[in-house]
Amino acid sequence: MPPSKNAKAAISPTRAEDFPGWFQAVVKDAEVAELAHVRGSMVIRPWGYAIWELMQAELDRAIKATGSHNAYFPLFIPLSYLEAEAGHVDGFAKEMAVVTHHRLEADPENPGHLRPGGELAEPLIVRPTSETIIGKSFAKWINSYRDLPLMINQWANVVRWEMRPRVLLRTTEFLWQEGHTAHADEGEAREEMERMLDVYREFAEGFLAMPVVTGEKSAEERFPGAVTTLSIEAMMQDGKALQAGTSHYLGTSFAEAAEIEFSDREGGRQLVHTTSWGVSTRLLGALIMSHSDDDGLRLPPSVAPSQVVIVPILRGDAAPEVAAAAEELASELRGRSFGGAPVRVTVDGRDRGPADRRWEWVKKGVPVVIELGPRDLESGELAVRRRTALEGKPESVGREEFVAGVEGVLTEIQRGYFDTAAARLESRTARDITDLEDFRRWFEGDEGDSTMGGFVRAPWSEAPESLPILEELKASVRCLPLDQQLPPGSTCVLTGKPAVVEAVFGKAY
RNA sequence: CGGGGAGUGGCGCAGUCUGGUAGCGCACUCGGCUGGGGGCCGAGCGGUCGCAGGUUCAAAUCCUGUCUCCCCGACCA
């Protein structure tokens with residue numbers, strides 16, 4: 001619904017009024033995604049999918065650069081595969097889609113309707129992740145130490161039957177990339193796990209302008225079946241944490257389950273050490289909650305399907321001339337580059353009022369919108385409006401100057417988003433909370449309250465009795481940061497016991 | 001699975017208590033005026049009121065059953 005003329009913000013509710021509601025509205029108004037008529041499932045709309053494709057392209061390049069190759073494995077996994085790894089079963093059993101039949105037949109008790117027929121001898125599950133089925137292939141492909149390391153990546157959809165779906169953040173079906181590698185020893189496998197976390201960190205920070213904390217997951221938050229789970233954690237504008245990517249060292253348990261063995265140099269039989277790592281379409285949600293404002297989506301230029309939109313003001317006799325000028329400007333801009341690729345430009349000459357068109361692109365997060373009318377043709381200037389400066393009049397820039405400097409403009413916007421997010425992460429991470437009272441106060445803000453504290457970085461004992469305290473505050477250990485700064489003799493912020501590690505605490509999505 | 005709420009044109013809703021043949025805003029279509037902060041006027045299109053059964057001369061409205069969705073809690077990329 002379009003806001004009234006006098007509305008200050010294009011999105012209702014605003015972040016301060018209702019953060020989750022704001023998020024939904026941004027997603028909807030930007031035409032990124034919407035809930036489908038299937039419970040918990042979403043439709044990713046063209047604008048949202050284009051963003052995902054840009055992410056995919058960049059990440060795919062980075063993954064391949066580490067030596068992994070893309071492949072595709074089955075959607076259906078025999079139940080017995082899952083059963084083979086105990087930890088895995090515990091983690092996923094409660095959220096499985098199970099296929100038990102393979103045909104439909106007329107239902108005699110309910111004319112006009114169909115019912116499942118042809119029961120399967122062994123039920124199939126729809127993959128929640130592919131460790132088990134990829135393991136089967138690995139077992140077949142790996143015979144010798146010469147076959148290692150084996151590094152595979154898959155772009156796929158997965159299904160986890162979530163109790164409480166939220167568009168883009170937690171849906172029953174989502175898209176992701178899952179890497180699976182097998183190595184001769186633990187050291188090599190752990191290196192792979194760390195290398196991929198680094199790929200994710202660079203991608204999040206460099207491409208999505210989203211600063212992250214890198215760390216190890218506590219035992220409670222670890223991936224089911226993993227020995228070690230590393231993650232990148234981003235802070236949303238409401239101070240809550242969002243796990244944006246994970247990388248696991250799986251030890252030899254999946255190798256045992258799928259019998260992935262190889263002959264070493266001495267002719268002995270050994271189990272491989274495996275890793276897995278992934279990021280999902282949840283990144284779209286993270287991106288939105290990191291950068292957007294009360295006027296809608298704000299896209300870093302790197303992931304903006306259109307980086308510059310030209311809105312020609314077509315009226316009267318000058319219309320053909322303006323239309324031609326818009327196309328010419330677009331083509332010149334496409335001759336410039338940003339991030340090593342041609343600048344992406346859209347000319348929006350639809351038969352609607354210019355303000356109407358412009359606001360649509362504002363809400364879609366386009367970094368720069370230029371309105372081009374007869375006046376500009378005469379003056380040789382452009383009315384340039386950056387997504388970061390919607391107030392007041394547009395900036396007036398000489399046409400040639402703008403074209404020549406467009407890469408700089410986009411770079412500035414990209415950097416600005418990162419700097420803003422980084423400043424938020426820094427200022428809303430408390431490093432000086434030492435006792436439980438302050439800790440409680442920090443986290444006691446209302447749900448959805450954007451003034452809620454944020455992260456707390458503090459010494460932790462890992463003692464079991466600290467967990468109920470966190471639960472009560474709806475907070476959790478987000479990670480044990482890789483850059484540990486635990487002063488000797490520290491005591492646990494929750495229990496007062498001797499601390500063994502420095503932890504980042506937060507509320508999480 | 002527990003606790004709340006809701007199903008009425010594409011979207012958002014009113015009407016339901018006190019049965020009487022469906023209405024509003026937005027969107028959409030057409031015409032005109034407009035057009036650089038998302039505009040105005042006029043004329044239109046569009047709904048068997050979630051589904052099934054019942055009560056009644058008459059049901060969006062009352063009764064019974066059923067399905068679905070949303071919100072809150074336990075689980076999670």
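Chain A is the first sequence line, chain B the second, and so forth, proteins listed ahead of strands; every chain is numbered from 1. In this text, all values refer to a predicted model and were calculated from it rather than measured experimentally. Note that these values count all heavy atoms, side chains included, but never hydrogens, waters or copies made by symmetry.
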Would you measure the distance from the [atom1] atom in [N] across to the matching atom in [M] and give it in whole Å?
{"N": "B:G31", "M": "B:G19", "atom1": "P", "value": "47 Å"}
{"N": "B:U48", "M": "B:C1", "atom1": "P", "value": "33 Å"}
{"N": "B:G3", "M": "B:A59", "atom1": "P", "value": "35 Å"}
{"N": "B:G47", "M": "B:G23", "atom1": "P", "value": "13 Å"}
{"N": "B:G35", "M": "B:C40", "atom1": "C1'", "value": "11 Å"}

Output the single nucleotide from [options] whose closest atom is nearest the side chain of [X].
{"X": "A:Pro354", "options": "B:G35, B:G73, B:A77", "answer": "B:G35"}
{"X": "A:Glu95", "options": "B:G36, B:C75, B:A77", "answer": "B:C75"}
{"X": "A:Thr171", "options": "B:G35, B:G36, B:A77", "answer": "B:A77"}
{"X": "A:Ala383", "options": "B:G38, B:G36, B:C76", "answer": "B:G36"}
{"X": "A:Glu371", "options": "B:G38, B:G37, B:G35", "answer": "B:G37"}
{"X": "A:Ala355", "options": "B:G37, B:C75, B:G35", "answer": "B:G37"}
{"X": "A:Lys28", "options": "B:G38, B:G36, B:C11", "answer": "B:C11"}
{"X": "A:Arg170", "options": "B:G36, B:A77, B:G38", "answer": "B:A77"}

In the strands shown, is [N] matched to any nucleotide by a Watson-Crick or G-U wobble pair with both distances under 3.5 Å, and which?
{"N": "B:G19", "value": "none"}
{"N": "B:G47", "value": "none"}
{"N": "B:G38", "value": "none"}
{"N": "B:A60", "value": "none"}
{"N": "B:C1", "value": "B:G73"}
{"N": "B:U55", "value": "none"}
{"N": "B:G10", "value": "B:C26"}

Minimal non-hydrogen separation, A:Pro312 against A:Gly349, with atom names: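 Smallest interatomic distance, heavy atoms only, reads CG-CA, 3.9 Å.
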
So, A:Glu58 and A:Ser302: side-chain donor and acceptor under 3.5 Å apart, yes or no? no

Do A:Ser466 and A:Trp460 have side-chain atoms, one donor and one acceptor, less than 3.5 Å apart?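 A:Ser466 vs A:Trp460: donor-acceptor pair found between side chains.
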
Over-ring placement of A:Lys507 relative to A:Phe443, 6.0 Å and 45° cut-offs: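 Judged by the rule, A:Lys507 and A:Phe443 form no cation-pi pair.
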
Does [N] have OP1 or OP2 under 4.0 Å away from a side-chain N or O of [X]?
{"X": "A:Arg164", "N": "B:A74", "answer": "no"}
{"X": "A:Arg358", "N": "B:G36", "answer": "no"}
{"X": "A:Lys94", "N": "B:C1", "answer": "no"}

Atom pair OG1/CZ of A:Thr181 and A:Arg195 - distance to nearest 0.5 Å: 8.5 Å

Rounded distance in Å - [atom1] ([X]) to [atom2] ([N]):
{"X": "A:His88", "N": "B:C76", "atom1": "NE2", "atom2": "C1'", "result": "14 Å"}
{"X": "A:Lys363", "N": "B:G37", "atom1": "NZ", "atom2": "P", "result": "16 Å"}
{"X": "A:Ile44", "N": "B:A77", "atom1": "CD1", "atom2": "C1'", "result": "13 Å"}
{"X": "A:Glu34", "N": "B:C69", "atom1": "CD", "atom2": "P", "result": "16 Å"}

Determine, answering yes or no, if A:Trp359 is stacked on B:G37 under the 5.5 Å centre rule and the 30° plane rule. no

Under the 3.5 Å rule, do the base of B:G36 and the side chain of A:Asp376 count as making a donor-acceptor pair?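 Such a pair is found, so the answer is yes.
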
Base B:G36 paired with A:Arg375 side chain (donor-acceptor, <3.5 Å): yes

is_close_aromatic(A:Trp52, A:Trp47), centroid dist under 6.0 Å: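 A:Trp52 vs A:Trp47: aromatic centres not under 6.0 Å.
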
Counting only heavy atoms not in A:Trp161 (residues, nucleotides, ligands), do more than 12 fall under 6.0 Å from its CH2?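 No, because the 6.0 Å sphere around CH2 of A:Trp161 holds 12 heavy atoms or fewer from other groups.
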
